[in-house]
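Residue numbers begin at 1 in each chain, while the letters A, B, ... track the order of the sequences.
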There are 4 protein chains.
Amino acid sequence: MVKLKDDKKITQIFQAALKLVAKKGLSGMTMGDISKEAGIATGTLYVYFTSKDELINALFAACRESSVQVSFKGYQPHTPFKPGFRHIWLNILRYKLQNFEESVFMEQCYHSPFITADTREKAQQLSAPFYQLIERGKKEQLIKNIDTGLLITFMIGTMNELVKQTHYSGITLNRSRVNTTFDLCWDALKA
Amino acid sequence: MVKLKDDKKITQIFQAALKLVAKKGLSGMTMGDISKEAGIATGTLYVYFTSKDELINALFAACRESSVQVSFKGYQPHTPFKPGFRHIWLNILRYKLQNFEESVFMEQCYHSPFITADTREKAQQLSAPFYQLIERGKKEQLIKNIDTGLLITFMIGTMNELVKQTHYSGITLNRSRVNTTFDLCWDALKA
Amino acid sequence: MVKLKDDKKITQIFQAALKLVAKKGLSGMTMGDISKEAGIATGTLYVYFTSKDELINALFAACRESSVQVSFKGYQPHTPFKPGFRHIWLNILRYKLQNFEESVFMEQCYHSPFITADTREKAQQLSAPFYQLIERGKKEQLIKNIDTGLLITFMIGTMNELVKQTHYSGITLNRSRVNTTFDLCWDALKA
Amino acid sequence: MVKLKDDKKITQIFQAALKLVAKKGLSGMTMGDISKEAGIATGTLYVYFTSKDELINALFAACRESSVQVSFKGYQPHTPFKPGFRHIWLNILRYKLQNFEESVFMEQCYHSPFITADTREKAQQLSAPFYQLIERGKKEQLIKNIDTGLLITFMIGTMNELVKQTHYSGITLNRSRVNTTFDLCWDALKA
DNA sequence: GATGAATGAGATTTCATTCAT
DNA sequence: TATGAATGAAATCTCATTCAT
């Protein structure tokens with residue numbers, strides 16, 4: 001039996017990269033830093049990723065995927081719309097707060113030359129469930145009858161901002177604060 | 001008699017930098033790129049800025065300043081709140097759409113190690129008028145009674161997202177679309 | 001009972017190396033390439049050769065040896081000189097054409113630091129039969145009375161060039177063409 | 001006035017590269033070595049050549065060009081064929097002996113992946129005068145009526161071998177030795 | 001013996017900055 | 001001031017070799 005490529009190692013690498021982007025920005029993150037942070041040799045990075053570009057694209061895709069996956073955890077399609085929407089909204093909020101580094105990373109990537117059109121495309125496709133969700137809300141006349149893409153961008157964008165604000169102001173979100181914040185968002189979208 | 005430092009040249013440099021960040025991201029922008037794009041020699045950059053860091057910080061400050069300045073242009077403090085708020089909101093929207101590269105740049109800077117605490121501090125101070133504006137709205141019970149910082153982050157954040165969405169979807173904002181979008185924001189903030 | 005080192009595997013490795021040198025040059029050939037081309041793992045190379053240097057030296061020696069061995073195949077020392085010489089000359093030509101990659105490899109090795117003095121020395125010793133052959137020709141006054149080393153270099157050198165030319169021009173050597181080419185060489189050497 | 005790219009520096013770089021290839025082979029020559037040998041910073045190499053590949057291709061082209069140019073120096077087209085041919089032959093011999101490193105470099109490059117098809121093509125084109133020369137000899141029925149390409153390869157190939165042999169045996173070519181060697185070549189080619 | 005992931009020294013290349021002109 | 005060649009530290013990436021399985 002031989003040593004095989006190790007999924008755990010990929011996780012280590014990803015964690016290291018996220019930590020570094022949060023600390024030093026995308027431009028300040030080097031392959032050397034990543035390997036040191038991940039506790040492996042620089043060369044080993046290239047066993048798992050053929051280049052820095054590929055590493056970043058893979059991480060981008062992984063973040064996107066896990067974020068989407070978490071969003072719908074525990075969501076019951078047959079629940080009435082608003083509580084269902086709220087459930088997802090809370091999932092996202094929780095995820096983004098607990099994985100703040102990912103948000104930073106995604107934001108930094110957005111306009112970087114690292115992310116390829118292909119990666120971008122695939123990320124976009126993962127938004128499908130959100131589209132369906134919003135469409136349902138519109139059909140039930142609970143959500144404003146505006147371009148769905150716009151509503152989603154808005155919803156996600158505001159969450160990002162809320163999370164940033166929360167993170168940097170050092171405020172811990174108690175239940176009432178969360179409720180207030182949700183209302184902010186809901187009032188915007190509701191028909 | 002020596003020629004003095006040339007303001008026009010600083011503008012050229014800033015324009016070049018903005019163009020490059022939009023195209024290649026902050027991490028992909030080199031001093032060589034900037035000089036080439038600005039049509040000057042690399043060495044000349046160092047006549048105007050002592051380092052890349054300084055250049056970026058200066059550009060950050062300049063963007064922030066001009067953005068704030070534009071925001072309140074034509075604002076009459078004695079107008080009733082909502083139309084006044086709307087006026088400013090439109091100023092910002094227009095500015096961000098017309099200066100999309102600046103938005104990208106500001107976003108990229110947010111988590112980068114380039115921006116010094118000092119620059120960040122000064123940028124923050126420029127937000128004072130927005131705080132006053134929102135405080136007024138809260139006093140008049142037109143705006144939700146939530147932490148002002150949160151409301152501002154929210155307001156600015158949503159605009160950024162709207163602008164991004166508009167820019168990338170290629171949609172041109174006609175009057176009705178702008179109105180819809182404003183309502184989205186207003187509904188969120190209004191008490 | 002363990003399997004012993006496998007001669008077939010050594011042949012595979014040598015074939016792979018030759019193919020790669022012909023394609024990418026000695027400087028472009030990596031141990032990784034060789035193992036892939038040979039269809040074995042990198043580590044396995046080190047079961048058979050302690051280092052890249054050793055592999056190359058061993059291959060060099062093997063090529064030299066088999067080339068010399070083939071040269072005198074079927075040679076009858078008692079035949080008159082010219083037909084005997086011709087026989088050997090044809091052996092060499094045929095061998096070099098059929099094993100073009102070896103020629104390329106030998107040429108690339110000539111000035112490379114890979115080949116040790118020892119390997120070079122041993123290769124040189126294998127030239128003894130050629131020296132004897134030429135000496136005989138000189139004694140019989142059929143070959144020019146010039147430094148034997150020079151004559152041999154000349155003879156081998158010209159063959160190499162003929163083979164290269166033939167290989168790259170894509171010309172197939174028919175009998176008459178071979179005769180012409182032999183005459184070229186013979187006219188040079190003959191007294 | 002500004003510092004301009006320096007042709008002398010290119011010569012330095014070329015000299016350094018040639019010296020190193022002769023000493024360590026093409027595979028052993030690093031950009032770091034070259035810069036050190038040339039007495040400049042590593043980065044400076046990249047001011048003159050965008051990559052190691054380009055440097056090697058440029059050097060290859062330069063060697064080829066200067067070699068061809070030297071070959072016909074002092075050649076009078078109206079001289080009778082054999083002395084004219086001899087003159088050129090001597091030019092080449094002298095050049096190759098005095099620039100032995102170039103020969104080594106050219107040989108090493110021949111099968112390396114560095115040399116592009118384009119470079120190869122251009123090198124080939126420089127052979128035109130040799131073709132004309134040999135064609136003339138054939139027309140005057142002084143040279144064997146064989147494929148011209150073959151004759152040229154042969155002529156050049158033998159010179160290379162002679163030079164190698166001379167260089168490594170440490171023999172200095174006196175006049176009589178040169179004559180003998182020329183005869184070797186002439187006897188091969190002559191009709 | 002065979003495997004191929006892991007290593008890290010070293011190669012190529014980039015780029016912020018300096019400096020001679 | 002303006003230039004752009006020169007610099008060299010540091011980044012990315014390669015690859016001969018080792019080692020755990």
Side-chain angles (χ1 to χ4, degrees), chain A residues 1-6 9 27-36 38-55, chain B residues 1-6 9 27-36 39-56, chain C residues 1-6 9 27-36 39-56, chain D residues 1-6 9 27-36 38-55:
Chain A
M1 262 299 91
V2 288
K3 238 182 299 177
L4 284 175
K5 274 195 205 175
D6 190 352
K9 202 152 281 174
S27 53
M29 177 188 68
T30 71
M31 293 299 263
D33 287 343
I34 296 174
S35 65
K36 227 167 288 165
I40 59 177
T42 319
T44 309
L45 287 179
Y46 290 86
V47 171
Y48 291 89
F49 304 98
T50 58
S51 67
K52 190 181 182 183
D53 268 50
E54 212 203 63
L55 191 160
Chain B
M1 192 76 209
V2 254
K3 235 194 292 179
L4 284 172
K5 279 192 198 178
D6 188 349
K9 205 153 277 179
S27 57
M29 177 186 67
T30 71
M31 293 297 265
D33 286 343
I34 297 173
S35 65
K36 224 167 290 164
I40 59 177
T42 327
T44 310
L45 285 178
Y46 289 85
V47 171
Y48 293 90
F49 304 97
T50 60
S51 69
K52 188 182 184 183
D53 270 49
E54 209 202 64
L55 191 160
I56 290 176
Chain C
M1 192 73 207
V2 255
K3 230 195 294 177
L4 286 172
K5 281 192 197 178
D6 188 350
K9 206 153 275 178
S27 57
M29 177 184 68
T30 72
M31 293 297 265
D33 286 343
I34 296 174
S35 64
K36 223 168 290 163
I40 60 177
T42 327
T44 310
L45 285 180
Y46 288 84
V47 172
Y48 294 89
F49 304 97
T50 60
S51 69
K52 189 184 184 183
D53 269 48
E54 209 202 63
L55 191 161
I56 291 176
Chain D
M1 263 300 92
V2 288
K3 236 182 300 177
L4 285 175
K5 274 195 204 174
D6 190 351
K9 201 153 280 173
S27 53
M29 177 188 69
T30 71
M31 293 299 264
D33 287 344
I34 297 175
S35 65
K36 227 167 287 164
I40 58 178
T42 319
T44 309
L45 286 179
Y46 289 86
V47 171
Y48 291 89
F49 304 97
T50 57
S51 67
K52 189 182 184 184
D53 267 49
E54 213 202 62
L55 190 160

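- Position along DNA chain F of the nearest nucleotide to A:D53 versus C:D53 favours A:D53 as the more 5'-ward residue.
- Following rounding to the nearest Å, A:K52 (NZ) and E:dT13 (P) show an atom-to-atom distance of 18 Å.
- Remark: A:S35 engages A:I40, A:T42, A:L45 in a side-chain contact (heavy atoms from CB on, under 4.5 Å) (not counting sequence neighbours).
- As judged by a 4.0 angstrom heavy-atom cut-off over every strand, C:L45 is placed among residues making no nucleic acid contact.
- Contact between the side-chain N/O atoms of C:T42 and the OP1/OP2 oxygens of E:dG4 is not found at any separation under 4.0 Å.
- The interatomic distance linking D:I34 (CD1) with E:dA11 (P) rounds to 12 Å, in whole Å.
- Comparing B:G43 and D:M29 along DNA chain E, the residue whose closest nucleotide (by nearest heavy atom) sits nearer the 5' end is D:M29.
- C:D33 places its CG atom 11 Å from the C1' atom of F:dT14, with the value rounded to the nearest Å.
- In this model, the phosphate group of F:dT1 is not approached by any side-chain N or O of B:K9 to a distance below 4.0 Å at OP1 or OP2.
- When each of C:G39 and B:G28 is assigned the nucleotide of DNA chain E with its nearest heavy atom, C:G39 is the one assigned upstream, toward the 5' end.
- At the heavy-atom level, A:T30 lies under 4.0 Å from the strands shown only through sugar-phosphate atoms.
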Checklist entry - Under a cut-off of 3.5 Å for both distances of each Watson-Crick or G-U pair, what dot-bracket string does DNA chain E give, using [ ] for crossing pairs and | for inter-strand pairs? => result .||||||||||||||||||||
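- If you find the closest nucleotide of DNA chain F to D:T44 and to C:G32, the one lying nearer the 5' end belongs to D:T44.
- With rounding to whole Å, D:M31 atom CE is found 21 Å from F:dA10 atom P.
- When side chains are defined from C-beta on, A:L55 counts as touching A:M31, because their heavy atoms get closer than 4.5 Å.
- At a threshold of 4.5 Å between non-hydrogen side-chain atoms, the residues B:V47 and B:K9 do not count as touching.
- For C:F49 and E:dA2, the CZ to P distance is 12 Å, given to the nearest whole Å.
- Protein atom CD of C:E54 is 15 Å distant from nucleotide atom P of F:dA16, rounded to whole Å.
- For C:S51, the side-chain contact (heavy atoms from CB on, under 4.5 Å) partners are C:D53, C:E54, not counting sequence neighbours.
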Checklist entry - Run the side-chain contact (heavy atoms from CB on, under 4.5 Å) check on C:K52 and C:I34 step by step: do they pass? => result CA-CA 10 Å; C:K52 189 184 184 183; C:I34 296 174; 5.6 Å; no
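- The ring pair (Phe, Tyr, Trp, His ring centres under 6.0 Å) search around B:Y46 returns none, not counting sequence neighbours.
- Residue-level contact check: C:S51 touches the backbone only, with heavy atoms under 4.0 Å from sugar-phosphate atoms and none from bases.
- The CD1 atom of A:I40 sits 16 Å away from the C1' atom of E:dG4 (whole-angstrom rounding).
- Candidate nucleotides E:dT7, E:dA16, F:dT18 were compared by shortest atom distance to the side chain of A:V47, and E:dT7 ranks first.
- Distance D:Y46 OH to E:dC15 P: 13 Å, rounded to the nearest Å.
- The side chain of C:Y48 places an N or O atom within less than 4.0 Å of a non-bridging phosphate oxygen (OP1 or OP2) of E:dA2.
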